[in-house]
Protein chains: 2
Amino acid sequence: MLDWRLTLRHSMSHPPAAGTLAFAPLYKQVKLALTRSLSASKWRPGDAIPSESRLAREFKVSVGTIRKAVDELVADKILLRQQGRGTFVTEHTEDRQLYYFFHIVGKSGARVAPTHEILSLRNARAGPADRPLGTNPGDRVYRVHNLLRIAGRPVIFDEITLAAARFPGLTEKIFAGRAGTIYGLYQARYGINVVRIVERISAQRAPAAVASVLGMRAENPILIIRRVAYSYHDAPVELRTSWVDTSGHEYLSDLWKAEGR
Amino acid sequence: MLDWRLTLRHSMSHPPAAGTLAFAPLYKQVKLALTRSLSASKWRPGDAIPSESRLAREFKVSVGTIRKAVDELVADKILLRQQGRGTFVTEHTEDRQLYYFFHIVGKSGARVAPTHEILSLRNARAGPADRPLGTNPGDRVYRVHNLLRIAGRPVIFDEITLAAARFPGLTEKIFAGRAGTIYGLYQARYGINVVRIVERISAQRAPAAVASVLGMRAENPILIIRRVAYSYHDAPVELRTSWVDTSGHEYLSDLWKAEGR
DNA sequence: AAGTGGTCTAGACCACTCT
DNA sequence: GAGTGGTCTAGACCACTTG
């Protein structure tokens, strides 16, 4: 279990060196070792990681140093501390989904969980627009169409693109029959943990196909969100384009709340 | 200078008590005392606050406790640490503006600073829509119209609303003739420090008046951003509605980058 | 009662900036 | 060299959860 023994201590000086963190502060080295264990699925979402005193013994550093590493992972929402219980690998629960990965709220500000309806899952070939996924044009991808309703009313139409190589054997049945959230599915079935999203937003005219699904008039203004979802170490996982009818809802951007302050 | 002597130590137990933090952890009490000094303009933006060892002496707590309080203020971007130099009150420089308070980027992702053109500053009466400002309908407000160009092309039209009571003597000349950013003006002239914004985004049809200023066709889809800007302790400072032509630019939402990771 | 995270302390040494 | 923040340690005690 001690294959992560750190060789360098206090040698925080000089070229931070590309790629490796050999000369970084101890707590950064610990943080990197932990995220590597995480991405190698050493612990599963919902599991407790070893206690801080135990980690301190294993890494041969002080508890304070472990705390500083874990502090950052908690701030990144990769780990979750619970006093008296332990430190856990964050799960993609409905609540987390709603707070950190779903930014559409009612005009009154009310945050309501949407219901999902998977419309289709198709095999396709990646195009140049899928580059942010890390795919090359021609690579196999899945495209999933998804309709989100809020209080029964269709509000969002999603097109989700995934690299087939990273999601082997994915089917519409698996996607539609999942237990929890979509990111929970990635996590539970493929060990892929979405920890960060970047979204680009613009206003356009609603395409006819989208408008008809959303029950709005074609050519009416619609909000378009282009999302890239990342796992540990900035590895892209998912591309998602969302068309949002903002006649009754809007996009909420609140960095503070999102960071849990 | 020691008017902030803390009476309670280690008494972190029991009713966190509404309003007061008397029973909160020491570092939270220190943080609160510091933000109170900040909002009382005890130190001006750009100034260094006392060193950590000095604060530790003054507060009669350990340096580690001071560090934890300052850590949070740095994470909130209220303070800025510089190794070897000191800890400074954050200023509203152009750079900070561009990174934390301006979310419009080119479709390529390029972040370009806009140029501002103040079109008008009018006296008006607050309406019900101005409630988030903390004003009651009928209170005096200023409304400022502002055109932002990116690479010479008009992209954003802003309507800024301010409570006249908090910005006495504000004129169009002052607004247009300011040295740096708009939030820098609030800071330098009125001691009001914007530290957080919340934005709500929707897609609508461009009103004729806005469309003509932006040089786009009326009724075309346009992005609308309704912003509330807050100072310390969540005090609302500014209401801003922005109409954005997203034919060549888009809104970027990246919590991580915004948090400086 | 045992184990976990949360707070706080005191002190050492390093890295950086300024004079 | 003096002063600042940055890292790291070791240990005490508190608050909370679980058995």
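By convention in this document, chain letters (A, B, ...) are assigned in the order of the sequence lines, proteins followed by strands, and residues within each chain are numbered from 1.
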Peer 1: How close or far is atom P of C:dT4 from atom CG of A:L80, stated in whole angstroms?
Peer 2: 17 Å

Peer 1: Measure from CG on A:L79 to C1' on C:dG5 and round the result to the nearest Å.
Peer 2: 13 Å

Peer 1: A:K68 NZ to C:dG6 C1': how many Å, rounded?
Peer 2: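 Spelled out: NZ on A:K68 to C1' on C:dG6 is 17 Å.
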
Peer 1: Counting only heavy atoms not in B:R189, do more than 12 fall under 6.0 Å of its CZ?
Peer 2: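 It does not: B:R189 CZ has 12 such atoms or fewer within range.
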
Peer 1: Taking the cut-offs as 6.0 angstrom to the six-membered ring centre and 45 degrees off its axis, would you call B:R111 and B:Y99 a cation-pi pair?
Peer 2: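 Here B:R111 passes the 6.0 Å and 45° test against B:Y99.
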
Peer 1: Does A:R81 make a side-chain N or O approach to OP1 or OP2 of C:dG6 shorter than 4.0 Å?
Peer 2: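 Result: yes.
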
Peer 1: Just compare D:dG6, D:dA10, D:dA15 and give me whichever is closest to any side-chain atom of A:Q83.
Peer 2: D:dA15

Peer 1: Given side chains that start at C-beta, do those of A:Y190 and A:V237 come closer than 4.5 Å, heavy atoms only?
Peer 2: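 No - every pair of side-chain heavy atoms lies 4.5 Å or more apart.
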
Peer 1: A:I49 has an atom CD1; how far is it from atom P of C:dG3, in whole Å?
Peer 2: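 Nearest whole value for this atom pair: 18 Å.
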
Peer 1: Quick one: is B:T65 getting a side-chain N or O under 4.0 Å of the C:dT9 phosphate, OP1 or OP2?
Peer 2: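 Yes, within the criterion.
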
Peer 1: Could you check how far CD1 of B:I66 sits from C1' of C:dC8, rounded to whole Å?
Peer 2: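 Roughly 12 Å, once rounded to whole Å.
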
Peer 1: Nearest to the side chain of A:R67 - C:dT7, C:dT9, C:dC18?
Peer 2: C:dT7

Peer 1: Between C1' on D:dC13 and CG on B:L26, what's the gap in Å once rounded to a whole number?
Peer 2: 13 Å

Peer 1: Starting at NZ of B:K28 and ending at C1' of C:dC8, how long is that distance when rounded to a whole Å?
Peer 2: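 One finds 15 Å between C1' of C:dC8 and NZ of B:K28, rounded.
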
Peer 1: Is the phosphate of D:dC8, meaning OP1 or OP2, less than 4.0 Å from a side-chain N or O of A:Y27?
Peer 2: no

Peer 1: Would you check if the side chain of A:D76 reaches a backbone N or O of A:L73 as a donor-acceptor pair within less than 3.5 Å?
Peer 2: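 Not at all, since once roles are kept as given, no pair shorter than 3.5 Å links the two residues.
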
Peer 1: For a 4.5 angstrom cut-off between non-hydrogen side-chain atoms, does A:I201 reach A:Y251?
Peer 2: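 The answer is yes; the side chains approach within 4.5 Å.
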
Peer 1: Looking only at side-chain atoms of A:V61, point me to the closest of C:dT4, D:dT9, C:dC8.
Peer 2: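 Output: D:dT9.
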
Peer 1: Roughly, in whole Å, what's the span from CZ in B:F59 to C1' in C:dT7?
Peer 2: 17 Å

Peer 1: More 5' along DNA chain D: A:G84 or A:V63, using each one's nearest nucleotide?
Peer 2: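 Checking each residue's closest nucleotide, the 5'-ward one belongs to A:V63.
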
Peer 1: C:dG3, OP1 or OP2 - any side-chain N/O from A:S51 closer than 4.0 Å?
Peer 2: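 For A:S51, the contact criterion (side-chain N or O under 4.0 Å from OP1 or OP2 of C:dG3) is not met.
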
Peer 1: Does B:T87 have a side-chain nitrogen or oxygen under 4.0 Å from the phosphate oxygens OP1 or OP2 of D:dG5?
Peer 2: yes

